[in-house]
Amino acid sequence: MPDADLRAHRLRGWLIATGVTLLAAVLRLPNLGRPHKLVFDETYYVKDAWTLLKLGYPAQWPDTPNPAFEAGDVTSYLHQASYVVHPQVGKWFIAVGEKVVGVESSVGWRISAAVAGILLVLLVTRIGRRLMRSDWLGGIAGLLVALDGLAIVQSRTGLLDGFLALLVTAAFGALLIDRDRTAERLAALGPQVQWGPFGPHLGVRGWRLVAGVLLGLSCGVKWSGIWFVAAFGLLSVGWDAAARRRAGVPRWLTGTLLRDSVPAFVSLVLVSAVTYLASWFRWFSEPDSYLHQWAAKHPGQGVTWLPDGLNSWLHYHAQMWDFHTHLTTPHDYAAKAFTWMIQWRPTSFFYETPEPAQQRCGSDHCSQAITSLGNPLIWWLGCIAILAAIWWIVRRRDAILVAALTGLAAGWLPWFLFPERTIFTFYAIVMLPFVALLVTWTAVRFLGLNEPGARWREVVTWRRVTVIVAGGLIVLVTAFFYPIWTAAVVPFWFWQLHMWLPSWV
């Protein structure tokens with residue numbers, strides 16, 4: 001590609017990404033502090049983040065602390081460490097917002113999540129561009145994330161899952177860059193006779209190390225990041241195998257196993273493990289942290305050959321593991337994993353009936369809700385895209401769909417292993433970037449634009465109309481549901497119009 005064309009291509013890509021990202025900001029930032037109340041699990045994470053910032057560890061609070069906290073009394077915490085069941089990275093992100101904006105403001109509780117949600121749209125746009133080799137297709141994938149209700153709600157509440165989604169998506173992007181750089185490197189190494197039967201040694205690679213750090217941080221938000229370490233590790237090695245095969249390496253599979261698998265393990269598994277351990281730095285440095293002194297108080301117990309700090313840390317992790325594997329407390333909004341893609345049981349984060357009704361919404365009865373419901377059309381189309389992807393992978397070995405389906409599977413399938421655990425549909429936010437990529441590329445294949453030389457104006461009319469109508473409906477559905485994603489005060493009858501399924505109430 002000539003230099004002028006390359007510059008134009010890059011400029012167009014960044015202009016599209018900037019436009020989609022600005023739209024995401026417009027949908028996420030206005031009235032971010034509404035409501036000025038701790039909603040759903042903000043009651044844990046926002047206060048944990050604040051005491052982590054002030055004391056170095058999540059601390060206990062007096063009984064019913066939320067009204068005082070919401071009123072600005074943020075100093076009533078106790079100095080006893082609290083037992084928390086998720087690592088610290090996500091709460092450090094929330095703490096940054098509280099420090100910068102102020103913990104007395106509900107915007108301070110949520111601004112970090114909003115920034116993460118906006119950056120997620122930017123990442124998906126750029127990743128889609130690289131994966132599908134198209135500026136416009138990257139923009140469409142990013143637009144789907146920008147318009148999705150699950151992403152909007154997660155960006156406007158101080159919860160952890162939005163940070164998890166950002167980090168695993170960033171890791172996926174880093175591995176994509178590594179894939180392309182590795183293919184270029186193999187192509188530049190010269191004739192295969194110089195390589196031997198297994199191909200060249202490629203060693204430890206920078207972008208793969210970046211991915212390892214990002215994956216370690218994702219595990220430091222929630223342990224479900226571990227599944228992405230495994231899935232992305234296999235995907236990355238698979239990309240290496242494909243690159244060696246395209247480069248003409250005679251024994252490309254054996255060469256991948258001998259020369260790529262160990263560096264991949266070091267870069268992704270070991271680096272992520274070290275990063276995860278390092279993310280607990282404050283726990284190790286603060287003697288009043290929860291269970292920090294356990295080993296000293298229980299000599300001869302645990303893994304006795306380890307230093308007391310690590311022994312105590314492992315004991316704490318054993319407690320966390322016991323909690324996560326035995327959490328079966330009934331909850332009105334619990335949802336089995338197999339229902340997530342159809343958004344069968346969205347999570348109600350907040351619901352109130354503001355008074356006086358006539359003044360608040362001009363009706364006899366008002367509603368103010370935050371319903372963590374994805375844009376139904378995006379997710380329902382995602383179900384079709386999954387089935388189509390499996391078909392095209394089997395029939396045509398579509399590498400783009402393999403990559404997107406790998407990320408989706410890492411965020412979804414592991415939850416099927418815990419059918420009795422209390423889990424929620426909003427966990428699916430980590431799947432959304434890959435759903436967007438699947439839906440976008442499925443539309444491309446539906447239109448036949450994946451074939452070399454195919455052009456939009458040559459596509460059969462009814463297929464073009466179908467895709468345009470579907471896109472327009474997605475935009476309209478976002479506009480329709482936006483008030484119940486963002487705690488707008490609306491008439492009760494208006495809220496009822498959004499309850500399309502009985503399970504959404």
Side-chain angles (χ1 to χ4, degrees), residues 120 123-134 137-138 140-142 144-145 148 150-151 164-180 211 214-215 218 224-243 264 268 337-343 374-375 377-417 425 427-447 449-450:
L120 179 65
L123 277 176
V124 172
T125 303
R126 299 297 295 176
I127 286 169
R129 176 183 184 268
R130 180 175 289 270
L131 184 65
M132 295 179 282
R133 306 297 184 187
S134 166
L137 294 181
I140 291 170
L144 292 177
V145 178
D148 183 69
L150 197 58
L164 176 65
L166 176 68
L167 289 167
V168 299
T169 303
F172 182 77
L175 290 174
L176 264 180
I177 297 173
D178 174 72
R179 179 200 68 174
D180 293 347
L214 291 166
L215 288 169
S218 77
S224 45
I226 293 172
W227 304 110
F228 289 91
V229 177
F232 288 173
L234 293 174
L235 179 65
S236 183
V237 172
W239 282 337
D240 284 350
L268 295 178
F338 68 86
T339 69
W340 292 359
M341 282 300 303
I342 58 174
Q343 295 289 296
N375 184 310
L377 290 187
I378 293 175
W379 288 89
W380 295 344
L381 288 172
C383 295
I384 298 172
I386 290 172
L387 297 176
I390 294 171
W391 172 257
W392 280 321
I393 289 170
V394 172
R395 292 294 300 272
R396 301 293 178 89
R397 299 180 182 178
D398 191 308
I400 293 173
L401 294 175
V402 169
L405 204 58
T406 298
L408 186 146
W412 189 24
L413 296 185
W415 293 104
F416 287 79
L417 301 174
T425 300
Y427 293 1
I429 181 62
V430 77
M431 299 157 50
L432 177 61
F434 306 101
V435 171
L437 293 170
L438 280 174
V439 169
T440 302
W441 191 245
T442 298
V444 170
R445 297 210 60 140
F446 173 74
L447 294 167
L449 295 175
N450 59 301

Candidates Trp392, Trp441, Trp391 - the one meeting side-chain hydrogen bond (donor to acceptor under 3.5 Å, both in side chains) with Asp398
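Of Trp392, Trp441, Trp391, side-chain hydrogen bond (donor to acceptor under 3.5 Å, both in side chains) with Asp398 is met by Trp441 alone.
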Leu167, Leu175, Thr169 screened by side chain to side chain contact (heavy atoms under 4.5 Å, CB included) with Leu214, the one that passes:
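Only match with Leu214 under side chain to side chain contact (heavy atoms under 4.5 Å, CB included): Leu167.
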side-chain contact (heavy atoms from CB on, under 4.5 Å) assessment of Thr406 paired with Phe434
CA-CA 8 Å; Thr406 298; Phe434 306 101; over 6 Å; no
Shortest non-hydrogen contact from [X] to [Y]?
X: Ser224; Y: Leu164; value: OG-CD2, 3.4 Å
X: Gly225; Y: Ser218; value: CA-OG, 3.7 Å
X: Ser236; Y: Asp178; value: OG-OD2, 4.1 Å
X: Thr442; Y: Ala388; value: CG2-CB, 4.0 Å
X: Trp227; Y: Ala410; value: CB-O, 3.5 Å
X: Gly411; Y: Val430; value: CA-CG1, 3.9 Å

Side chains of [X] and [Y]: closer than 4.5 Å at any heavy-atom pair?
X: Ile390; Y: Leu405; value: yes
X: Pro433; Y: Ile127; value: no
X: Leu401; Y: Arg396; value: no
X: Trp379; Y: Thr425; value: no

Test Leu235 against Phe172 for side-chain contact (heavy atoms from CB on, under 4.5 Å), laying out the working first.
CA-CA 10 Å; Leu235 179 65; Phe172 182 77; 3.8 Å; yes
At what distance, to the nearest 0.5 angstrom, does [atom1] of [X] lie from [atom2] of [Y]?
X: Leu438; Y: Leu381; atom1: CG; atom2: CG; result: 12.0 Å
X: Asn450; Y: Met132; atom1: CG; atom2: CE; result: 12.0 Å
X: Leu408; Y: Ile386; atom1: CG; atom2: CD1; result: 5.0 Å
X: Trp239; Y: Leu176; atom1: CH2; atom2: CG; result: 4.0 Å
X: Leu120; Y: Thr125; atom1: CG; atom2: OG1; result: 9.0 Å
X: Arg179; Y: Leu131; atom1: CZ; atom2: CG; result: 6.0 Å

When you measure from the side chain of Thr440 to the backbone N and O of Ala436, does any donor-acceptor pair fall under 3.5 Å?
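Looks like yes, one N/O pair under 3.5 Å.
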Strictly distance-based, threshold 3.5 Å: is any side-chain N or O of Trp412 a donor or acceptor partner for the main-chain N or O of Ala337?
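Present.
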Check the pair Ile384 / Phe446 against side-chain contact (heavy atoms from CB on, under 4.5 Å), numbers first and verdict last.
CA-CA 11 Å; Ile384 298 172; Phe446 173 74; over 6 Å; no
Can you tell me how the ring of Trp415 sits relative to the ring of Tyr427, calling it parallel under 30°, perpendicular over 60° and tilted otherwise?
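Taking Tyr427 first and then Trp415, their aromatic rings sit tilted (interplane angle of 30° to 60°).
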Between Phe416 and Phe338, does the ring centre distance come in under 6.0 Å?
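Between Phe338 and Phe416, which both carry aromatic rings, the centre distance is not below 6.0 Å.
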If you count heavy atoms of other groups shown closer than 6.0 angstrom to CZ of Arg133, is the number above 12?
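Yes, the 6.0 Å shell around CZ holds more than 12 heavy atoms from other groups.
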Run Leu123 and Val145 through side-chain contact (heavy atoms from CB on, under 4.5 Å) and show every step you take.
CA-CA 10 Å; Leu123 277 176; Val145 178; over 6 Å; no
